[in-house]
**Student:** 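Structure provided below as structure tokens; questions to follow.
A note on names: the letters A, B, ... follow the listed sequences, proteins ahead of strands, and every chain is numbered from 1.
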2 protein chains.
Amino acid sequence: MNDAGCAEQTRERLIEAAREVFSEHGFQGATVREICRRADANVAAVNYHFGSKDGLLAEALNFNQLKAMQAANLAATSCAEQRLRLFIRDFMLMLLDENSASRQCRMMARELADPTPALDKIAREAIAPLHEHLGALVDAITGGTLDDAERRRCVFSILGQCTFYYHGEPVLQRLYPELRFRRDEIEATAAHIADFSLAALAARKSA
Amino acid sequence: MNDAGCAEQTRERLIEAAREVFSEHGFQGATVREICRRADANVAAVNYHFGSKDGLLAEALNFNQLKAMQAANLAATSCAEQRLRLFIRDFMLMLLDENSASRQCRMMARELADPTPALDKIAREAIAPLHEHLGALVDAITGGTLDDAERRRCVFSILGQCTFYYHGEPVLQRLYPELRFRRDEIEATAAHIADFSLAALAARKSA
DNA sequence: TTTACTTTCAAACAAGCGTTTGATATGTTG
DNA sequence: CAACATATCAAACGCTTGTTTGAAAGTAAA
């Protein structure tokens, strides 16, 4: 063991600080020095404990909340339509609610447009299951009448509506300064996206 | 005047190269040296002609194509539904078609998630009119039955579906390597988004 | 030609980055 | 105790970044 830090604690503090900084500034924009400053650790600590900034990112990635969301949604006994509603709500809260413990997931969204060494892992372990889950929901709602390309496009339409609020936040804040994403606004937005998407899927079903 | 460069030509080459590099790597990711290399100019040329990298970005921004798109759409005599179809098609081609002369617009999309000194100008001069144009279309399609918040959310739903393919491209390439956004695929995608959105708006109308 | 102005260029600058080093202190093990 | 491994730290390294400098080359006006 060591002094006050008590060994393993520095590692944990670094991971937590990394999740903060990565989610705020993205991988490129985040600096090792800033992470260490927030973790009250020396600059060399990152390379000592994780080998590199890349290694820290890999350790900081955590898909547990996303997996838990999907598991809970699968376990729900509601109909497919209602499960889509719930899923969109949970997903939007994860993306937008400042108070939720979702920093480790927001890190992902940050990197989507700007590949990092960890994007392969993110795509494989987090986003692919997300697409599959939504694809199954779309199939259940439309009665399995869509071919692969159509189902995929429907999944993209739903995800696109959700992630728009995340990616476009800086612009939305400028254009609509009065728009604040408090919990009730997030839920209303999620309800809109669910309504919008279910109406569109219902049209697919009858067609 | 000067030697071969003929004065003003260096400025123009720098702007053109800047549009290329900014649209490929974003403002942060782009380097002055890379821009000057492509423009066959000295590193100091950017600061001589534009004062700074920021100044170059401001000069390189160009919303003409976006404005032309909206003007053409306004001039169309079709019904609102058809005009939304056309608009989504044009917008998607602008965002995704490598062969179109749309680099100056793709620069914008790059910056949306990562504010730069020029984001205020982009939001004010390019994105706000875009939102207004789509809002008017949504109003025409739904018969003006929506309140401000609902209309805005419908606009966001449409824009979100479109920009998803742009922002998520690196991930989509990893998950669906066979997916190539050639012109026909872009048009099919645009048709899907229009179908999806019009079905959802039709449900709003009757409600 | 001389003078003044514009433009280009190689070189350097200061700052920030991720990373490495070598010393130092601490705890564990023989 | 001595020997060893672990963890931290200040300092520096090597590199890249945007920017600045001062000289050189060209053109234009006096």
**Student:** How about B/Glu81: does its CD atom have over 12 heavy atoms from other parts shown lying under 6.0 Å from it?
**Tutor:**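 Yes, CD of B/Glu81 has more than 12 neighbouring heavy atoms, counting only those of other groups under 6.0 Å.
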
**Student:** Quick one: ring-ring contact (aromatic ring centres under 6.0 Å, His included) partners of B/Phe91, sequence neighbours excluded?
**Tutor:**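 In terms of ring-ring contact (aromatic ring centres under 6.0 Å, His included), with neighbours along the sequence ignored, B/Phe91 is linked to no residue.
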
**Student:** Verify the contact: side-chain N or O of A/Thr10 to OP1 or OP2 of D/dT8, cut-off strictly under 4.0 Å; return yes or no.
**Tutor:**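 A/Thr10 to D/dT8 OP1/OP2: side-chain N or O found under 4.0 Å.
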
**Student:** Of the nucleotides D/dA7, C/dG18, D/dG18, which one has an atom closest to the side chain of A/Tyr48?
**Tutor:**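 The closest nucleotide is D/dA7.
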
**Student:** So, B/Arg85 side chain and B/Ala194 main chain: donor-acceptor pair closer than 3.5 Å or not?
**Tutor:**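 Between the backbone of B/Ala194 and the side chain of B/Arg85 there is no qualifying donor-acceptor contact (under 3.5 Å).
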
**Student:** Take the protein atom CZ of B/Phe50 and the nucleotide atom P of D/dT20, then report the distance between them rounded to whole Å.
**Tutor:**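 Rounded to the whole Å, the gap is 15 Å.
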
**Student:** Rounded to whole Å, please give me the gap between CG in B/Leu14 and P in D/dG18.
**Tutor:**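 So the two atoms are 14 Å apart, to the nearest Å.
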
**Student:** Rounded to the Å, how far apart are A/His25 NE2 and C/dG16 C1'?
**Tutor:**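 Answer to the nearest Å: 15 Å.
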
**Student:** Salt bridge (charged side-chain N to carboxylate O under 4.0 Å, His left out): which pairs involve residues 34-49 of chain B, sequence neighbours left out?
**Tutor:**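 Those involving residues 34-49 of chain B are B/Glu20-B/Arg38, B/Glu24-B/Arg38, B/Glu34-B/Arg37, B/Glu34-B/Arg38.
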
**Student:** Among residues 33-44 of chain B, which residues get a heavy atom nearer than 4.0 Å to DNA chain C?
**Tutor:**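 The answer is B/Arg33, B/Asn42, B/Ala44.
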
**Student:** Does a side-chain N or O from A/His49 land closer than 4.0 Å to OP1 or OP2 of D/dT8, or not?
**Tutor:**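 Result: yes.
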
**Student:** To the nearest Å, how far apart are B/Asn47 CG and D/dG18 C1'?
**Tutor:**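 Distance, rounded to whole Å: 7 Å.
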
**Student:** Show every salt bridge (charged side-chain N to carboxylate O under 4.0 Å, His left out) that has at least one partner inside residues 55-73 of chain A, sequence neighbours left out.
**Tutor:**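 Applying salt bridge (charged side-chain N to carboxylate O under 4.0 Å, His left out) to every pair that reaches into residues 55-73 of chain A, excluding sequence neighbours, yields A/Arg11-A/Glu59.
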
**Student:** Who passes side-chain contact (heavy atoms from CB on, under 4.5 Å) against B/Tyr176, sequence neighbours left out?
**Tutor:**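 Expected list: A/His131, A/Arg152, A/Phe156, B/Leu172, B/Glu178, B/Leu179.
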
**Student:** Give the rounded distance in Å between these two atoms: CD of B/Gln9 and P of D/dT27.
**Tutor:**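 About 14 Å, once rounded to whole Å.
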
**Student:** Between D/dG18 atom P and B/Gln28 atom CD, what is the distance in whole Å?
**Tutor:**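 So the CD-P distance, B/Gln28 to D/dG18, works out to 10 Å.
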
**Student:** Rounded off to whole Å, could you give me the CG-to-P distance for the B/Leu57 and D/dT17 pair?
**Tutor:**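 It works out to 18 Å between those atoms.
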
**Student:** Separation of B/Phe27 atom CZ from D/dT17 atom P, in whole Å?
**Tutor:**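 My rounded result for the distance is 14 Å.
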
**Student:** Taking side-chain contact (heavy atoms from CB on, under 4.5 Å) as the definition, give me every residue that meets it alongside A/Asp90, ordered by chain and number, with sequence neighbours left out.
**Tutor:**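 With neighbours one apart ignored, the set is A/Met69.
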
